[in-house]
Amino acid sequence: MSTDNVLAGPGAPRRSRLRGSFRRRRLAVVLLVTGLLSGASVVQAEGATTWPVRTGALQRWAPGNMAWDSEKVMTESTAVSVARAYDVVMGTKTTFRGYVPAMRAANPNLRLFLYMNGVYAQSTEAARYPESWYAHDANGVRVKSRSFGNYMMDMSNPQWWADRASTCKALLAESGFDDCYLDMLGTAPLAPNYNASKPIDPRTGKVWTYADLLAADLEVAKAVRAADPAGLLASNGLVNGQRYFKPVGQTPAVLFEQLDAVHSEIFLRDKNTPIGTFKAESAWKKDVDMLVDVGARSKVAWTTTKMWNVSATATQAQIDQWHKYALASFLLGTNGHSYFNFSTANTVAGIFVDHPWDRVEVGDPVNRYAKVGGVYRRDFSAGIALVNPTTASVTLSLGGTYRDLSGVERTSITLAPNTGDVLVKP
């Protein structure tokens with residue numbers, strides 16, 4: 001099926017919404033069991049802002065800040081269609097320009113997250129801050145990211161923490177958005193080749209450690225939280241399951257103390273991963289288990305699976321294979337409160353894709369995912385999610401009649417290596 005169905009209009013199927021909210025440690029909490037059988041429970045914080053959550057296990061979101069062309073091509077009609085298609089949307093202060101009131105009128109439950117960087121000043125901000133605020137390497141040279149040329153900041157500096165808090169508050173007022181999203185929290189700044197040089201912690205005179213950087217990240221999150229106590233707070237940093245399940249002191253899970261939502265930006269694959277390259281079963285399982293664990297901690301996971309740098313040369317069958325694989329894998333791990341995104345390009349047309357597969361009505365989970373007959377399976381009140389992350393084809397009896405994502409009714413299915421499918425009761 002084609003993925004160029006950009007933003008279905010007002011007639012697109014809609015599902016009713018439930019309102020939910022998540023824990024903040026400094027508030028009194030009441031434990032509510034969701035019954036979604038993922039090992040997680042929703043913790044409602046007294047007085048906390050609520051999440052817009054639809055019925056069923058499949059929730060979707062849209063990272064609009066990643067659409068580089070939004071300032072050129074975004075129209076009010078497109079913005080309103082985005083609001084009708086998604087309950088959770090992220091953008092910069094200019095992504096939707098003056099269209100926010102119209103978006104809210106189209107979807108009163110819409111939550112808009114304002115993108116900002118929690119660790120780096122932009123490449124255009126070389127003279128914005130005092131020199132001491134910028135991170136430096138062992139030679140005293142400013143540390144810059146290789147891809148974007150952004151300036152890493154001294155994360156031990158309380159003035160930078162306060163700047164991020166005041167910037168969040170100011171941008172929310174300017175844009176009309178609801179909540180802030182802090183990019184680059186986590187250990188990515190210490191990854192090999194992310195920066196042109198290694199940042200030195202001025203307190204030790206040595207390269208930042210994972211644990212010390214995460215502790216500094218947490219201070220940024222605390223400052224932003226204090227500046228917007230009634231809002232939700234989200235951040236990048238999950239990366240993927242391999243990074244998430246690092247030892248204590250290296251895992252971004254420490255940031256959950258201050259965050260409501262965490263973003264896995266390379267769920268299952270990176271934007272540059274060759275179209276025919278898939279993770280080994282054990283690595284794939286870590287991505288799914290990451291979702292399970294985030295839900296068990298009463299947090300919301302946002303996933304993004306990118307086809308950006310391969311979609312131009314890939315066949316539609318290859319893109320469809322990845323789409324089904326990512327969607328089914330997500331459904332294996334979600335507790336019904338996490339959000340899925342599959343994007344084909346870093347453009348408005350590639351980010352805001354209201355694909356019918358992403359509106360499949362599987363209902364609520366009735367069990368946890370498990371390996372059954374050689375594939376991973378999870379049952380829902382109205383369907384099944386199946387994934388074969390192995391190198392061998394597997395044929396499986398479904399135990400009843402189901403309709404797959406291509407519309408074919410079947411009682412059994414053969415899943416080729418590295419494929420998935422979602423089936424619903426006819």
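Every value quoted in this text rests on a predicted model; they were computed, and no experiment measured them.
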* Asked: Would W308 and M66 satisfy side-chain contact (heavy atoms from CB on, under 4.5 Å), going step by step from the backbone distance to the final call?
  -> CA-CA 11 Å; W308 295 1; M66 296 180 178; 3.7 Å; yes
Step-by-step side-chain hydrogen bond (donor to acceptor under 3.5 Å, both in side chains) determination, T390 to N388: CA-CA 6 Å; T390 74; N388 177 13; 2.6 Å; yes
Given side chains that start at C-beta, do those of [X] and [Y] come closer than 4.5 Å, heavy atoms only?
{"X": "T273", "Y": "V310", "answer": "no"}
{"X": "R203", "Y": "W208", "answer": "yes"}
{"X": "V353", "Y": "S343", "answer": "no"}
{"X": "F340", "Y": "L58", "answer": "yes"}

Exactly one candidate in F278, W357, F342 meets ring-ring contact (aromatic ring centres under 6.0 Å, His included) with W322; the answer is F278
request  = Assess R378 against Y369: is NZ or CZ under 6.0 Å from the centre of the six-membered ring, and within 45 degrees of the ring's axis?
outcome  = no
At what distance, to the nearest 0.5 angstrom, does [atom1] of [X] lie from [atom2] of [Y]?
{"X": "D364", "Y": "S381", "atom1": "CG", "atom2": "OG", "value": "5.0 Å"}
{"X": "M90", "Y": "I351", "atom1": "CE", "atom2": "CD1", "value": "9.5 Å"}
{"X": "W68", "Y": "N346", "atom1": "CH2", "atom2": "CG", "value": "8.0 Å"}
{"X": "R368", "Y": "D379", "atom1": "CZ", "atom2": "CG", "value": "14.5 Å"}
{"X": "R164", "Y": "K169", "atom1": "CZ", "atom2": "NZ", "value": "15.5 Å"}

Scan for salt bridge (charged side-chain N to carboxylate O under 4.0 Å, His left out) pairs involving residues 126-149, sequence neighbours excluded, and state none if there are none.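 Passing the test, one end in residues 126-149: E125-R128, E131-R142.
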Contacts satisfying salt bridge (charged side-chain N to carboxylate O under 4.0 Å, His left out) that involve residues 274-292 (not counting sequence neighbours) are K279-D287, E281-K371, K285-D289
Is a donor on one side and an acceptor on the other found under 3.5 Å between the side chain of [X] and the backbone of [Y]?
{"X": "S311", "Y": "T344", "value": "yes"}
{"X": "T251", "Y": "P247", "value": "no"}
{"X": "S175", "Y": "L171", "value": "yes"}

Partner residues of [X] under the ring-ring contact (aromatic ring centres under 6.0 Å, His included) criterion, sequence neighbours left out:
{"X": "Y99", "result": "none"}
{"X": "F113", "result": "W51, W302"}
{"X": "F96", "result": "none"}
{"X": "W160", "result": "Y129"}

Distance alone, cut at 3.5 Å: any donor-acceptor contact between the side chains of [X] and [Y]?
{"X": "H263", "Y": "S235", "result": "no"}
{"X": "T94", "Y": "T92", "result": "yes"}
{"X": "T209", "Y": "D212", "result": "yes"}
{"X": "N107", "Y": "D87", "result": "yes"}
{"X": "Q316", "Y": "D320", "result": "yes"}
{"X": "N236", "Y": "D183", "result": "yes"}

Query - Salt-bridge present (E265, K306; N to O < 4.0 Å) - result: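 Here E265 pairs with K306 in a salt bridge, since their nearest N and O are under 4.0 Å apart.
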* Asked: Can a salt bridge be assigned to the pair D354 and R84 using a cut-off of 4.0 Å between side-chain N and carboxylate O?
  ->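 Salt bridge absent between D354 and R84.
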Who are the side chain to side chain donor-acceptor pair (under 3.5 Å) partners of S156, not counting sequence neighbours?
->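 For S156, the residues satisfying side chain to side chain donor-acceptor pair (under 3.5 Å) (neighbours in sequence not counted) are D154.
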Not counting sequence neighbours, which residues clear side chain to side chain donor-acceptor pair (under 3.5 Å) with D293? List them please.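 Only Y244, R297 meet the side chain to side chain donor-acceptor pair (under 3.5 Å) criterion with D293.
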Where [X] and [Y] come nearest, the two heavy atoms and their spacing:
{"X": "G237", "Y": "P252", "value": "O-CG, 3.3 Å"}
{"X": "S70", "Y": "V348", "value": "CA-CG2, 3.7 Å"}
{"X": "Y120", "Y": "M152", "value": "CD2-N, 3.3 Å"}
{"X": "V262", "Y": "L238", "value": "CG2-CD1, 3.5 Å"}
{"X": "A385", "Y": "F380", "value": "CB-CE1, 3.8 Å"}

Salt bridge (Lys or Arg N to Asp or Glu O under 4.0 Å) filter on K93, not counting sequence neighbours, yields E174
Criterion side-chain contact (heavy atoms from CB on, under 4.5 Å) against C168, the qualifying member of D179, V224, L114:
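It is V224, the one option of D179, V224, L114 that forms the side-chain contact (heavy atoms from CB on, under 4.5 Å) with C168.
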Which donor-acceptor pairs under 3.5 Å do side chains of residues 185-193 form with protein atoms, sequence neighbours excluded?
unit_1, atom_1, unit_2, atom_2, d
T187, OG1, R243, NH1, 3.3

Take S81 and T78 through the side-chain hydrogen bond (donor to acceptor under 3.5 Å, both in side chains) test and state the conclusion after the steps.
CA-CA 5 Å; S81 293; T78 300; over 6 Å; no
By side chain to side chain contact (heavy atoms under 4.5 Å, CB included), D178 pairs with (sequence neighbours left out) R104, R111, L112
field: Partners meeting side chain to side chain contact (heavy atoms under 4.5 Å, CB included) with I200 (sequence neighbours left out)
entry: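 Applying side chain to side chain contact (heavy atoms under 4.5 Å, CB included) to I200 gives A138, V207.
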